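Here the structure is a predicted model, which is why all the values come from computation and not from measurement. Chain A is the first sequence line, chain B the second, and so forth, proteins listed ahead of strands; every chain is numbered from 1.
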Amino acid sequence: MKKIILSALLATFMVGSTYAETVRMGTEGAYPPYNFINDNGEVDGFERDVGDLLCARANLDCVWVVNDWDSIIPNLLSGNYDTIIAGMSITDERDEVIDFTQEYYPPSPSVFMALSGADVDLDGGVIAAQASTIQAGYVAGTSATLVEFATAEETVAAVQNGEVDAVLADGDYLIPMISESNGEFVAVGEVSLGGGVGMGIRESDGELKAKMNAAIDSMKADGSLNTLIKKWFGQDANTF
Amino acid sequence: MFEYCANPDSLEGFFWLSCYVTTPKHMSFYVSFLVVMFLLALAAPLAMAFGFLGAIASRSSKSFIKIIGKGYLAMIRGIPDIVFFLFIPIALDQAFEFLRHKILCPEVTEAIRQGNDFVVCKAAKLPLSTASEWVHDVYGFSLALLAFGFVFGAFTGNVLSGAMAAVPKSQLETGAAFGFSSKQIFKRILVPQMWIYALPGLSNLWMILIKATPLLFLLGIEDIVYWAKELGGMKTGVYEYSHPDWRAWYFGILMIFYLLLTYVSQLFLDRLSSKLSMGQDTMAGKAL
């Protein structure tokens, strides 16, 4: 028994010495069209395309990891993956904890969505937002009552069953829902929030940040980033 | 899965549904049922082992061991489960990586804790970032299993130590009168007789364990509740199979699954209870 335990311990501590440069890309997988799990069970969306191209240009071997939005920053810090690429807007609060690359998606408007025909008071009503997002921060600063949910999906469901008056989220996420809901949902307002979407990286990981910044530069320079933005967010989306 | 599934937009009715429920994403959903059953099958004996050790330690005559045993039972029973479910895997993971870092990369002089970051050298990562996905899954599952075993072990330990105290003293004294050593009394009289007293508490714990498995997702394992939520949510046109909010259906399936699991467990526990009552000096035992 002692031998077994000992060799198990040794195996735990001794394995592995050869490795290529592998980068684990952390994403939420629940925020289409930024990132979502497609019907093949794989990470898909704008950020999958951008991330794969960035990794190819920076000559990195990338692996995709899905993680809850709630714990996405703590798990980056403890090293479960090396980047956050999950539609995360660059804000000062986040920048104190992690580093961001330059933005790979310019700021786009956030939209209030409600049931059609509902009389919504955006300043005094009950507004849902996903927890720890810039939208939640914005609603908390108004006189409306903020109700937070762990996923964007649940905020929409809360509107649907009348739990809240409206939801505030990125327009890119809500507009497809509105247009495909057969008139059930309507947009009832718009605000401009945040400073564009960047890739989150540990503060101690300056090398990776430099590589990614260079790759984003090259994608901006040759227009391939704009092509992907148009592919996923439509012809009218803000580009670089 | 089927040949005709190549173009989902052209499908309708039964054909659409048959393709929809056989997408690779749905396969992950079905596999996650097995993952949950597997976790239950492994966590129960592990919790029993932790609990048994905890119970023996808390009844030990050596005060040092007794303090450890009592401390383990009291601490876990007193602190919210969710704290432990988050704490144990992260703490274990960081402890392993810390040790590996010290052993494998002695030449690295930079601090492991840099501000908010926990940085170990590449070779010390567990699993290595180059390891394939299933290694990460197995590692995560094992940490989760340890957390379940540790937390539920404390509850089990309390039930078992109560059951040990409930065995009639005359039974043990009879053993001593026959010249049994204290080890023999423990093994041949106390343990075989305590199960019937422990069973109600243990069966409650088993039911709670079944219901606690959705905590797996907190630990990064995609369990049935995660997939039900993910598959059931409204799907817009970016997905191949778009549909409105179907979460009620998916959660309905989960409800049936959990109820079936509970029902089967209850049948099994009832049988076990009557079997253990046999020959016991209890009401149930005399009624047999």
Legend entry - Pairing of A:E21 and B:K122 as salt bridge, 4.0 angstrom limit: yes

Inset, instruction - Select one option (side chain, backbone, both, neither) describing which atoms of A:S71 are under 4.5 Å from chain B's heavy atoms. - result: neither

Inset, instruction - Start with the C-alpha gap between B:E133 and A:V63, add the side-chain angles, then the distance that decides, and say whether side-chain contact (heavy atoms from CB on, under 4.5 Å) holds. - result: CA-CA 9 Å; B:E133 204 43 47; A:V63 186; 3.7 Å; yes

Inset, instruction - For atom CZ of B:F251, decide whether the heavy atoms of other residues, nucleotides or ligands shown that lie under 6.0 angstrom number more than 12. - result: yes

Inset, instruction - Report yes or no: does A:E203 contribute a side-chain atom to a donor-acceptor pair with the main-chain N or O of B:D117 at less than 3.5 Å? - result: no

Inset, instruction - Ignoring hydrogens and angles, tell me if any N or O in the side chain of B:K125 forms a donor-acceptor pair with the backbone of A:G79 under 3.5 Å. - result: yes

Legend entry - Stepwise side-chain contact (heavy atoms from CB on, under 4.5 Å) test for A:E154 and B:K229: CA-CA 9 Å; A:E154 286 164 286; B:K229 243 162 122 174; 4.1 Å; yes

Inset, instruction - Just grab all the side chain to side chain donor-acceptor pair (under 3.5 Å) pairs involving residues 234-255 of chain B, residues at least two apart or on different chains. - result: B:Y20-B:H243, B:Y20-B:Y250, B:H26-B:Y250, B:D245-B:R247

Inset, instruction - Select, from A:D82, A:I37, A:D205, A:D70, the one with the greatest count of heavy-atom pairs under 4.5 Å involving chain B. - result: A:I37

Inset, instruction - Measure A:E42 against the heavy atoms of chain B and call it side chain, backbone, both or neither at under 4.5 Å. - result: neither

Inset, instruction - Please say whether more than 12 non-hydrogen atoms of neighbouring residues, nucleotides or ligands are located less than 6.0 Å from OH in B:Y139. - result: yes

Inset, instruction - Would you mind checking which part of A:R24 comes under 4.5 Å of any heavy atom in chain B, side chain (CB onward), backbone (N, CA, C, O), both or neither? - result: side chain

Inset, instruction - Could you check if a side-chain atom of B:Y226 sits within less than 4.5 angstrom of a side-chain atom of A:D68, using non-hydrogen atoms only? - result: no

Inset, instruction - Search all heavy atoms of B:Q94 against all heavy atoms of A:S78 and return the closest pair with its distance. - result: NE2-CB, 3.3 Å

Inset, instruction - Against chain A, label B:V238 side chain, backbone, both or neither, depending on which of its atoms sit under 4.5 Å from a heavy atom there. - result: both

Inset, instruction - Heavy-atom distances under 4.5 Å only: say whether A:D39 touches chain B with side chain, backbone, both or neither. - result: both

Legend entry - A:E153 CD to B:E230 CD distance, which is reported to the nearest 0.5 Å: 7.5 Å

Inset, instruction - Kindly indicate whether the side chain of B:D93, heavy atoms from C-beta on, has any atom under 4.5 Å from the side chain of A:N80. - result: yes

